[in-house]
Each structure stands twice: as structure tokens, then as C-alpha cells.
A.B. asks: 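If you scroll down you'll find the structure; I have some questions about it.
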Amino acid sequence: MTTTGYIGRRLLQIVPVLLFVVTVTFVLINSIPGDPVRILVGPAADAAAIEAARAKYGLDQPLYVRYVRYLAAVATGDFGTSIHYGGVAVTEKIFERLPVTLLLLASSFTLAIGSAIPLGIFAAKNRNNGYDHLARVTSLIGVSTPSFWVGLLLIIVFAYYGDLLPPSGLVMPWADPASVDGATSRLDVLTTAASHLILPSITLGTLQMAAITRIERSSMLEVLNKDYVQLARAYGVSERTILRRQAFKNAQLPVLTVIGIQMTTALGGAVLTETVFNINGMGNLIITAVRAQDYQLIMGTTIFFAIVFVLGVLVVDVLYAVIDPRISYGGGSGE
Amino acid sequence: MSDSTAAAGDSARTGGVADADERSAVSRTSQVVRQLKRNSASRVGLYVIGLVTLVALVTTIDADLFDYQFAATFWYHPENDPAGSTILLPPVGIENSFGTGTWAHPLGTDHRGRDVLVRLVYGTRIAVQVGLIATGIGMTIGTVVGAVSGYYGGWVDDVLQRFVESLYAIPFLILVIAIMSAFGKELGIAIVGVSITTIPVFTRLIRSQVLSVREMEYVEAAKAAGVRDRHIIFRHIIPNSFAPVLVQSTLQVGVNILIVASLSFLGFGVQPPTPSWGQMLANSRQYMIVNPWFSLWPGLAILATVVGFNLLGDGLRDAIDPRSND
Amino acid sequence: MMRESVSRRNILKATGASIPVLLAGCTSDSGSETTTEGDGGGGTTTSGGTETSSGSSDATINIGQSLNPVRFDPITQLSNPDALVANRVFSQLYTYGEGTDVVPNLATSMPTIERDNTRYIVEIVDNAMFHNGDPVTAEDVAYSFRAPIEEETPLLGIFSVIDSVEAIDETTVQFDLSNPYAMFQHVLTHQVVPEAVREEDKEAFSTEQPIGSGPFKFVEWEESNYVTLERWDDYWGDELPNVAGVEFTPITESTTRVTNLRTGDVDVIETIPPRLWDTVESTEDTSISEVESVGYFYVAFNCNEGPTADKRVREAIDYSFSMDDAVDRYIDPAGLRQYGPLPGPMVEEWDMPLEEWMEIPNDKDIEQATALFEEAGVPADWDAKIIVPPDDNRENIGLSIANGIKEAGYEAHVERLDWGAMLSRAYTGNASDYNIYVLGWVRYPDPDDFMFNLFHEESEGVNQGVYYKNDEVMEQIKGARESTDRDERQQLYQSAISTLLEDKVHLPAFNYKNSYGVKSAVSDFQVHPVSPQNPRLLTGYNNVSVDR
């Protein structure tokens with residue numbers, strides 16, 4: 001089977017996957033005891049008002065009717081409106097919050113990758129001496145620490161007691177200076193944005209950094225022990241050239257895999273970071289939606305992530321095959 | 001690795017293939033154990049895990065069977081409010097607006113005046129229970145699914161893989177939160193939820209192992225000899241693919257403990273007044289200004305426990321596949 | 001520009017409207033910190049005109065909210081965070097004075113009551129305008145009261161007593177009720193919206209351009225980030241606000257909110273949690289403005305099913321812990337102990353026998369508790385189910401009760417439910433859902449609002465889960481609801497409350513103070529007992545200014 005055929009088949013398979021995701025989420029969310037209308041109406045309510053609100057949001061229909069209606073709507077790109085946010089379109093809400101989370105993810109991954117790869121290489125180069133041990137211990141702690149705890153400690157030290165950095169919120173670098181407290185120029189905005197971004201990025205990025213450091217180190221070590229590297233050494237090629245030319249590039253494939261995995265699990269971390277730092281991103285949106293039992297919003301955000309994830313997996317799988325032709329798509333195997 | 005080619009029919013069950021597998025498995029195991037013993041880091045990990053598991057065992061017995069008798073008699077009750085104690089005391093020797101820390105409460109008290117240390121110790125129970133059990137279930141189911149998927153290939157593989165992918169596609173934190181919101185915020189449900197998110201990890205792992213193992217000669221031979229698929233899978237393929245699964249399981253316990261802590265932090269764990277580390281951290285948030293110490297200890301407990309499992313997991317990985325580190 | 005209003009007896013003007021407000025019902029969202037500062041200094045110069053410092057400063061006041069507002073249309077249900085904003089933008093027909101007394105606002109005077117207390121005739125001022133220049137007419141007023149009924153918004157329950165509401169002429173509105181309703185004057189504190197604008201696009205009206213007739217105009221809203229209002233220079237009232245604008249920033253995490261106040265990122269913050277009270281007070285240039293609110297937070301029993309349906313069990317639970325201690329430890333100083341279903345200010349106003357109420361709760365006595373539990377035949381393996389909403393204070397009360405029940409020899413667990421689950425489980429009457437729940441009620445400062453919704457059988461499953469049966473009490477509550485004779489109502493309520501307290505249907509717990517942390521640069525800030533009235537920036541008795 002050709003790569004194209006494989007891609008085609010996988011693309012087709014996205015549909016049942018998404019259908020599964022939608023169905024499972026729909027059933028789950030509708031099993032949550034509680035009445036989103038009741039939340040909307042509040043603890044002081046009138047039976048008639050509750051019924052009216054329920055009808056207005058179509059929640060008085062039986063489950064299967066709502067399910068079918070929802071599927072039909074989604075097929076046309078209509079993800080409904082949010083009860084909690086007063087009737088705003090779900091897609092609008094998602095796109096409003098998305099840039100915030102993307103900024104957070106981008107910043108923390110840049111931090112993570114930027115520090116982890118050099119650190120991992122450095123550790124591999126200095127295998128088993130003091131520096132290596134330090135790097136290994138640090139990254140061990142990094143993957144073992146709960147990120148929200150890191151966030152809390154950072155806030156205590158730098159915001160409450162140190163008064164150096166803000167304890168919450170994010171400012172977008174592209175925000176209008178007039179809307180930012182105390183900012184009179186683009187530079188001010190950028191500075192403020194950076195100061196708000198530091199602590200959350202460290203919080204979210206710690207785990208990524210540690211995981212990437214570990215894989216970078218072990219992957220580099222593995223390559224450095226390979227025959228062709230030994231050969232180059234025997235020929236007197238300098239260690240540095242070896243590192244740069246042969247070892248590094250060949251070592252990156254597993255690292256990329258880990259980075260890919262980290263990106264897919266980063267959403268969980270983003271939820272926690274956004275909660276700790278009161279950041280209004282996607283993670284926070286999902287949690288709010290679940291707590292408010294805002295069905296449309298929960299479904300919309302879940303489907304959004306499922307799509308992103310599934311496409312991401314497909315891309316990674318294809319890239320993998322392209323990079324490493326040894327992986328076959330023939331016979332009965334998947335990837 | 002084997003003298004498989006001679007096997008025929010039912011004799012494949014005894015001697016021949018099976019023996020070869022067993023022998024290499026045994027020698028490999030002892031090899032691993034020796035490696036582990038040498039590696040000091042993994043020894044530390046073992047001690048930590050041993051200690052933590054012991055504590056979890058003792059506290060589980062005390063809590064579930066004896067209703068906190070031990071704690072209440074000799075120490076402090078982890079759930080009940082003590083009469084007349086000061087809230088939010090700092091650790092011993094330190095002073096804050098509520099008072100000075102004493103040895104009676106070495107790590108201080110929480111917002112209801114309960115001793116932090118005893119709650120920390122009894123929080124081990126939840127963390128370890130969910131971590132171990134959820135990993136165990138996830139590993140078992142994931143292994144079977146992955147093995148079947150990898151062995152049969154074809155549409156079976158496709159279907160199973162896509163199913164697993166779908167499980168992965170729902171952001172796991174949301175998945176577990178939704179499950180717990182729907183079915184109750186209890187320990188059992190949390191375990192189920194975390195198990196479900198653990199399955200895909202093992203499926204992928206086993207599957208790639210199986211993909212490589214199944215091409216091996218002795219498997220081909222067994223198939224040619226007419227050995228049933230199920231037998232092949234359970235007696236040959238899985239045992240030979242197991243090493244990375246063992247490593248992953250150990251690491252996964254650590255991961256799951258972190259997940260449980262995160263859930264508790266968000267409010268989706270055991271309910272108050274049952275002590276749990278994540279929940280203690282959540283409680284500590286609003287007192288960060290007046291007593292930051294409260295935020296320190298539960299996190300350290302989580303860190304120490306997970307480090308233990310990671311050390312052991314790393315050690316296992318080194319022992320099984322020494323190339324990767326030295 | 002100032003407005004002289006000689007011919008009118010505008011006794012008081014307020015910044016906005018009071019609305020039926022629910023302290024609960026909102027989930028926490030996040031806030032970020034983009035705030036705007038007014039540029040530069042500026043004191044408070046008065047430009048011509050009447051009395052005090054009504055005027056034009058350039059300063060914007062920054063207010064940190066504890067919850068996130070999501071809509072601003074008064075016709076729909078406005079929860080507390082929504083109302084904080086909406087009440088600066090919209091004017092009420094009637095509003096509250098310094099306390100819980102109802103005073104005219106858009107109306108010129110108290111309503112004329114006819115037809116056996118079922119007809120209310122209200123005159124409105126003739127110079128009021130909406131932000132778009134349209135005059136506020138009687139038609140708009142009628143529309144504002146009709147729309148919640150016609151659109152069946154959550155306000156329906158309160159407004160359904162109105163049979164018809166009509167504009168008799170340009171400035172006169174007539175309300176016809178289906179029966180006498182003592183609380184109606186509180187219903188009249190509803191906001192007035194422009195019919196034409198709202199009818200054109202209701203969605204936009206709620207989230208983009210709420211046009212009202214209040215002293216502040218709505219400028220911009222970025223959900224979870226900020227809401228900006230600016231002073232409306234054509235405000236029809238006697239004075240203009242001193243502050244040039246208001247910026248509301250939702251900061252749900254209380255520690256962060258307090259920190260923002262300390263650093264000066266905001267000038268005012270809403271709601272200070274108990275343990276941070278000292279922190280705010282001890283900070284140099286900040287102080288706390290507080291007043292007891294019109295609320296009631298209580299422990300309610302399932303009198304329908306389960307062990308708690310037996311009065312002895314309820315007595316036993318009362319013996320098993322000390323509510324005084326719990327409130328003292330976990331609520332004080334952000335709230336205070338309450339002994340009956342009416343908050344402090346109303347107890348005085350209605351001449352309720354507070355001393356008697358204070359005698360009713362039991363002191364902690366575990367032996368008595370155990371004895372009563374046994375007498376009532378509570379099974380030894382009883383695991384009491386206590387459900388609480390996502391509120392730390394109520395959770396703490398629940399935990400204290402759980403602790404007490406455990407000391408008495410039984411099991412007890414607290415479940416902290418999200419609002420959705422809480423509201424659907426707390427009113428079912430099933431012992432499998434709850435034995436005890438801890439909730440609160442904050443709305444109109446009238447006894448009927450509390451009594452009818454929390455105790456009457458018609459509210460079963462809707463607003464209460466006690467399912468208490470007592471014909472006499474029901475009649476008393478119903479009777480007091482429809483009577484407009486204050487003395488009669490007083491008698492009926494006093495009697496009903498007495499029975500309810502003796503029977504331990506509720507254990508009254510506490511009441512919050514409305515608390516605001518205020519920077520010293522802010523002057524004339526005064527907290528009002530009716531939560532959604534706050535932050536009162538411009539009334540007949542105050543006009544807040546900020547000194548930058």
C-alpha cells in the first residue's frame with residue numbers, strides 16, 4: 001500500500017473516530033446529574049421559568065432526539081451556543097480563547113525545547129560526571145513534580161512575597177496599549193506580556209523540559225555508541241564534529257516523538273496552569289464548561305480537541321514513515 | 001534463541017519452544033535483578049517505593065478496617081477536627097499571624113486545625129491505591145488489546161487502534177472529570193477513569209513490541225506447527241515483549257499518581273474530609289499569603305513518591321537495555 | 001452638564017437598579033489583569049451648578065470583582081457579578097436608600113395603591129433619557145416589566161403576580177396584580193430598559209450595547225478580562241459621577257484579588273475571604289468597607305425521608321456540634337452568626353424576638369446527641385450525607401457538622417458539588433441524595449422572599465428540599481404573603497419562624513457582610529446591604545471619587 005493510500009485510509013477513519021468521541025462525550029455529559037438550566041436560572045427559581053428556559057435551549061427533548069439534532073448541526077459546522085456565556089456561539093468562544101492557550105503553549109514549549117536539547121546534549125557529552133548527574137537529577141525531579149505545585153510555589157515566592165511578577169492573567173503581546181494597565185507603547189505591552197508569561201511558562205514547561213532532556217540525553221548516548229560513530233572516532237574525527245554531524249541529527253527522531261507526545265498531553269497541563277494562574281484560555285474554558293454543564297460548549301471544545309489531536313497523530317505517523325522508510329505500510333500492519 | 005524448528009503439534013506445549021522461552025526468560029530476569037542491585041539510583045527508588053507502599057498499606061488498614069483507630073489513639077485523627085487547636089500554624093519553630101509552630105504539629109496545621117503531617121501520611125493511601133490499581137488495570141487491558149491488535153494486524157488492528165486513538169483524543173483530564181461528574185466523585189470511579197486513560201499507553205507499547213516479535217522465527221514455527229493463536233499470544237509473544245511493559249508500568253504509576261493529584265486539585269478526587277495530597281494543595285491556595293508552608297508539604301510528598309517510581313523505572317530500563325545509559 | 005430639577009422631589013438618586021439577585025449560581029472563571037488607568041491626576045472640580053463635588057475628574061476607578069459577569073440585560077436573570085456592572089448602566093424605577101428602604105428613582109414618588117392593594121400607579125420623571133438620547137417613557141417602563149413575563153425569563157416567578165402593566169400616559173404606569181402582594185414594592189426596584197433598542201437585537205443588547213439611563217455608559221467588554229464604563233455627561237440626575245469611568249476586572253482567586261489591591265492594580269475589590277481580612281486591614285493605604293448583607297445562610301434538613309425526618313435526630317445533630325464555634329472559626333470576620341431566617345437589619349426592622357431565637361440552638365453536648373440518636377433509632381451504620389455547594393465557607397460548616405456526627409458515633413461525609421449537581425440534588429427530598437444541605441438565600445429584603453421560598457410547600461423541589469409539613473405554618477406564610485398590613489404580617493412571621501426554629505427545620509448559620517477592600521485614594525465609598533446595589537458610586541448621599 002502506498003503512502004498516499006495510507007493517508008487516504010487514515011483520513012477516512014477520522015470520521016468514525018470523531019463520531020465515537022462525540023457519542024462518548026455526549027453520553028457522559030448527559031449523565032452528569034444536574035441541570036444546566038437550573039444553574040442558569042440559579043437557586044432562586046420558579047418552576048415555570050425553569051421549564052421555559054429548558055424549552056428555549058432544546059433541553060426538554062429526549063436524549064436521542066438531542067443527539068441526532070446535534071450531529072446534524074455539527075455536520076454543517078454549527079456547534080451551538082453556550083448557555084453559560086449568555087448565548088454566544090461556541091465557535092466564537094473557542095476562537096476567542098484559543099490564542100491565549102496557544103501563546104502559553106508556544107512560550108512554554110519554546111522554553112522547554114530551547115533549554116532541554118542543549119541540556120540533554122551537554123549531559124550526554126559529559127556522561128557520568130558531575131554535570132551529567134546534576135542534569136539527570138534535575139530532569140528526574142522535573143518529570144516527577146506536579147506542575148500546579150510548581151505554579152503555586154512560584155506565585156508565593158515571586159508574586160506574593162517577592163512582589164516581582166504578577167500572580168495571574170496573561171496579556172497578549174498584540175493587545176492595544178490603551179487597554180493595558182500602565183502601558184503607553186508597544187514596548188510596554190510586550191514587557192507586560194512577558195512578565196505575565198514567565199511564571200506560567202515555567203510551570204507548564206517544567207515537565208516538558210525534563211522529559212525532553214531525558215530523551216535527548218539517552219538518545220544522544222545511544223547514537224554516540226553506535227558503530228559508525230566509533231569508526232569516526234577511530235579515524236580521529238574530533239568529538240565536536242561527530243556530535244554535530246552524525247550524532248545529533250540521527251538522535252533526534254526519538255526526541256521528536258517525545259516532543260510530539262508532550263504536545264498531545266500538554267492540554268492537561270494547560271488546564272492546570274490556567275487554573276492556577278487564572279488565565280482565560282481553552283483549558284479554563286473546558287473546566288468552566290464542565291462545571292456549568294454547558295453541553296454545547298463542552299461538546300464543542302471536546303470535538304475541537306479531538307480533531308486537532310487526530311490530525312496531529314496522522315501528521316506524526318506520516319512524517320515518521322517519510323523520515324524512516326524502514327517502517328512499512330504493507331500487509332496487514334498499521335504503522 | 002530457540003530450537004523451534006523441531007517442534008510439532010502438541011509437543012510445542014512442553015519442551016521445545018516453551019522451554020526455550022522459559023529458559024531465556026529466567027536468565028534474563030536474574031540478569032535484570034543483578035543489574036538493578038548494582039544501580040544505586042534504582043535502589044533508592046526501591047526504598048522509596050517500599051516505604052511509600054508500606055505506609056499506604058498501614059494507613060489503608062487503619063482507615064478502612066479500623067476506622068482510623070491507630071491514628072486517633074496515638075497521633076491525630078486525619079479527618080476529624082481536633083478540639084481547641086489553632087488553625088494554620090506554621091511548622092515547628094516558625095512564627096506567623098496564627099502562632100508559633102510546635103513539635104506537637106511538626107509541619108503545622110491546616111485551615112481546620114488538623115495536623116498536616118498525619119494528613120500527609122494518610123494521603124498516601126489514596127495516591128498509592130489509585131496509582132497502583134489503575135496502572136494494573138490499564139496495563140492488563142492495554143496489553144491484551146495491544147497484543148491482539150499487533151498480532152492479527154489488518155482490520156482488527158485498524159479498528160482497535162482507532163478505538164484506542166479515540167480514547168486518547170478526548171483530553172484525558174476532561175474524560176476523567178466527565179466520568180467522575182457523571183458517576184460520582186469516589187475513589188472507585190477515579191480508578192476506573194485513570195485506568196481508561198492508561199490503556200492507550202500500554203496498547204501502543206505492546207503493539208510495537210508485538211510487531212517486531214511476531215516476525216521472529218519461533219513464532220513462525222509455532223504457527224506452522226498449528227499452535228493456537230491465543231496460546232501464541234499469551235505464552236510467547238506477551239512474555240517476550242514484557243520488558244518494556246514492566247518499565248512502563250513502573251513509570252506509569254508515577255504518572256498516574258500525578259494525574260490523581262491533579263484531579264484532586266481540581267476538585268475531582270475523594271471528598272473532604274478524607275485526606276488527599278492534591279486536595280490539600282487546593283485548600284492551601286487561599287491561605288498562600290497567610291501560611292505558605294501549607295502549600296509546600298503536599299507537593300513534596302507527591303514529588304518524593306513519584307521520584308521513587310521513576311527511579312525504579314529508570315533502573316529497570318537500564319537493567320533491561322543497558323545501552324541506553326552506559 | 002448639570003440638571004436642575006426643581007419641580008421634582010427627587011429625594012435620592014442612585015447609580016442603578018436593584019434586581020433580584022442570587023449570590024450563587026455562577027461558576028468561577030478566570031480573570032486577567034488588563035486594566036485601564038485614567039490618565040493623570042485631576043482632583044474633583046465642580047463645574048458650576050448646585051451643591052457638592054459633583055463633577056468632573058479624569059480618574060477611572062478600577063474595581064476587582066470576585067466573579068465573572070456574563071450578561072447585562074436586566075430582563076434576563078442577572079446574577080451578582082452581572083448586576084454589579086448592570087446597575088451602573090441602568091436606572092431602576094425605585095431603588096434603595098441608605099438601608100433597605102425603598103425610595104423613588106425614575107419614579108417621582110411612592111406608588112399610589114388602589115383597588116385593595118392590587119393596583120399600583122407610578123409616576124415617572126419627565127426628563128430622564130437613555131444613553132442614545134431617547135426619552136424614558138412610561139411605555140419603556142411597562143415594557144421592562146412585561147418582557148420578563150412574556151419571554152419567560154427566570155424572573156418570571158417574581159413578576160408573574162403582575163396581571164397587566166400599562167402606560168396610561170407619557171409618564172404614568174399602572175400595574176394590576178392578580179392578588180395583593182406585600183413584596184411588590186421590591187419588585188418595583190426593577191431596571192428600566194429602552195424598548196425600541198432592545199427589541200431590535202436582544203443578544204447585542206445583553207452583550208454588546210446595553211443602553212440604559214444610568215450615570216455610566218457601557219463602553220467595552222472583553223469576557224473574563226474587563227468591562228469598561230464611562231461617565232455619561234448627559235445624565236438626567238441631579239449630579240454627575242465624580243469618576244470619569246469604571247473598569248471592572250474579574251479576579252476570581254481571592255488571594256490574587258487581595259494582592260492586586262495591595263499593589264494598587266485595582267482601587268477597590270469585592271468580597272474579602274475571612275482569613276485575608278487581617279491582611280487587607282493591616283495594609284497601609286487600604287481599609288475595609290463592610291455592612292451586614294441581606295442574606296441568610298443555613299443548614300437544612302431533609303424532613304421528608306431518612307433519619308433527619310425525625311425531629312429528635314435534628315435535635316441530636318444540633319447537640320453534636322457548636323454552630324457558634326464553627327461560624328466564629330471559619331466565617332468571622334467576613335460574616336456573622338445568624339439565629340433566624342431573617343438577616344440582622346430586617347430583624348430590627350420587623351421587631352423580631354432575637355433574644356428568643358438565640359436561645360434555641362443547643363450547646364454542644366455529645367452525650368445528649370448520642371442519646372437522642374439512639375432514642376430515635378438511627379441505625380448504627382448510618383452515614384450521613386451532607387451536600388454543599390462550591391463555597392469554602394459552606395463546606396467548612398458542613399465539615400463541622402460531619403465532625404460532630406462522627407463524634408456522636410456515626411459516619412458522615414461531605415460532598416462538595418458543583419452548582420448544577422447541587423441544585424438538582426438538594427431539592428429532591430430523597431434521602432439517597434442528601435440528609436443535610438447547606439445553602440443560602442440572598443434576594444429581596446422582605447421576609448416573604450425568605451419564608452415563602454425556603455419553607456412553603458409550594459416551593460418544594462423548586463427552592464427548598466426540606467419538605468416540612470405543618471399546615472399552620474404554611475397558612476401563616478401564605479397569609480403574610482398576601483397581606484399588606486404590616487402588623488399582621490409581623491405576627492404571622494414571628495409565629496411561623498418560632499415554630500420552624502423550635503422544630504429545627506433549619507439550623508440558621510451565618511450571614512455574610514458585604515465587604516469591599518478600598519484604597520485610601522478612594523473617598524466616599526459606602527457599602528450597601530443589598531449586594532447588587534454595590535458598588536454605589538453615585539447616590540443621593542454619596543459620590544465616589546478617586547484621588548490619583
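All values below come from the heavy atoms of this structure, side chains included, with hydrogens, waters and symmetry mates left out. Convention: sequence-line order gives letters A, B, ...; per-chain numbering from 1.
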A.B. asks: Which region of L152(A), side chain (C-beta onward) or backbone (N, CA, C, O), has a non-hydrogen atom less than 4.5 Å from a non-hydrogen atom of chain B, or is it both or neither?
C.D. replies: both

A.B. asks: Which side-chain N or O atoms in residues 174-184 of chain B pair as donor and acceptor under 3.5 Å with protein atoms at least two apart or in another chain?
C.D. replies:
residue	atom	partner	partner atom	Å
S181(B)	OG	I177(B)	O	2.8

A.B. asks: For L267(A), is it the side chain, the backbone, both, or neither that has a heavy atom closer than 4.5 Å to a heavy atom of chain B?
C.D. replies: side chain

A.B. asks: Go through the structure and list residues passing ring-ring contact (aromatic ring centres under 6.0 Å, His included) with F304(A), not counting sequence neighbours.
C.D. replies: none

A.B. asks: At a heavy-atom separation under 4.5 Å, does V24(A) approach chain B through its side chain, its backbone, both, or neither?
C.D. replies: side chain

A.B. asks: Testing the basics here: between L303(B) and T145(A), what is the closest heavy-atom pair and its distance to 0.1 Å?
C.D. replies: CD1-OG1, 3.3 Å

A.B. asks: Give me the atom names and distance for the closest heavy-atom approach of R285(B) to T275(A).
C.D. replies: NH2-O, 3.2 Å

A.B. asks: Let me confirm one number: the CH2-CH2 distance from W149(A) to W277(B), rounded to the nearest 0.5 Å.
C.D. replies: 12.0 Å

A.B. asks: Is it true that R214(A) and D314(B) have a side-chain N and a carboxylate O under 4.0 angstrom from each other?
C.D. replies: yes

A.B. asks: Is V290(A) in contact with chain B via its backbone, its side chain, both, or neither, using a 4.5 Å heavy-atom distance?
C.D. replies: side chain

A.B. asks: Given the options V276(A), T301(A), I307(A), V308(A), which has more heavy-atom pairs under 4.5 Å with chain B than any of the others?
C.D. replies: V276(A)

A.B. asks: Please report the closest heavy-atom contact between Y161(A) and P292(B), naming both atoms and the distance.
C.D. replies: OH-CD, 3.6 Å

A.B. asks: Mind ranking V157(A), T302(A), T25(A), V143(A) by heavy-atom pairs under 4.5 Å with chain B and telling me who comes out on top?
C.D. replies: V143(A)

A.B. asks: Given that the side chain runs from C-beta out, which part of I259(B) has a heavy atom under 4.5 Å from chain A: side chain, backbone, both or neither?
C.D. replies: neither

A.B. asks: Is it the side chain or the backbone of I141(A) that comes within 4.5 Å of chain B heavy atoms, both, or neither?
C.D. replies: both

A.B. asks: Just give me the residue among T305(B), V255(B), L311(B), V307(B) that pairs up with chain A most often, heavy atom to heavy atom, under 4.5 Å.
C.D. replies: V307(B)

A.B. asks: Hey, could you give me the CG/OG distance between L258(B) and S144(A), rounded to the nearest 0.5 Å?
C.D. replies: 7.0 Å

A.B. asks: At a heavy-atom separation under 4.5 Å, does I257(B) approach chain A through its side chain, its backbone, both, or neither?
C.D. replies: neither

A.B. asks: Just say parallel, tilted or perpendicular for the rings of F163(B) and F20(A), cut-offs at 30° and 60°.
C.D. replies: perpendicular

A.B. asks: Using the rule given for side chain to side chain contact (heavy atoms under 4.5 Å, CB included), can you reason through F148(A) versus L266(B), listing the C-alpha separation, both sets of side-chain angles and the distance that settles it, and then say yes or no?
C.D. replies: CA-CA 10 Å; F148(A) 54 93; L266(B) 292 172; over 6 Å; no

A.B. asks: Is S149(B) in contact with chain A via its backbone, its side chain, both, or neither, using a 4.5 Å heavy-atom distance?
C.D. replies: neither

A.B. asks: Do you know which two heavy atoms are closest between S262(B) and L272(A), and how far apart they sit?
C.D. replies: OG-CD1, 3.4 Å

A.B. asks: With side chain to side chain contact (heavy atoms under 4.5 Å, CB included) as the criterion, how do M288(B) and L153(A) come out once you've worked through the C-alpha distance, each side chain's angles and the decisive distance to 0.1 Å?
C.D. replies: CA-CA 9 Å; M288(B) 275 195 279; L153(A) 293 181; over 6 Å; no

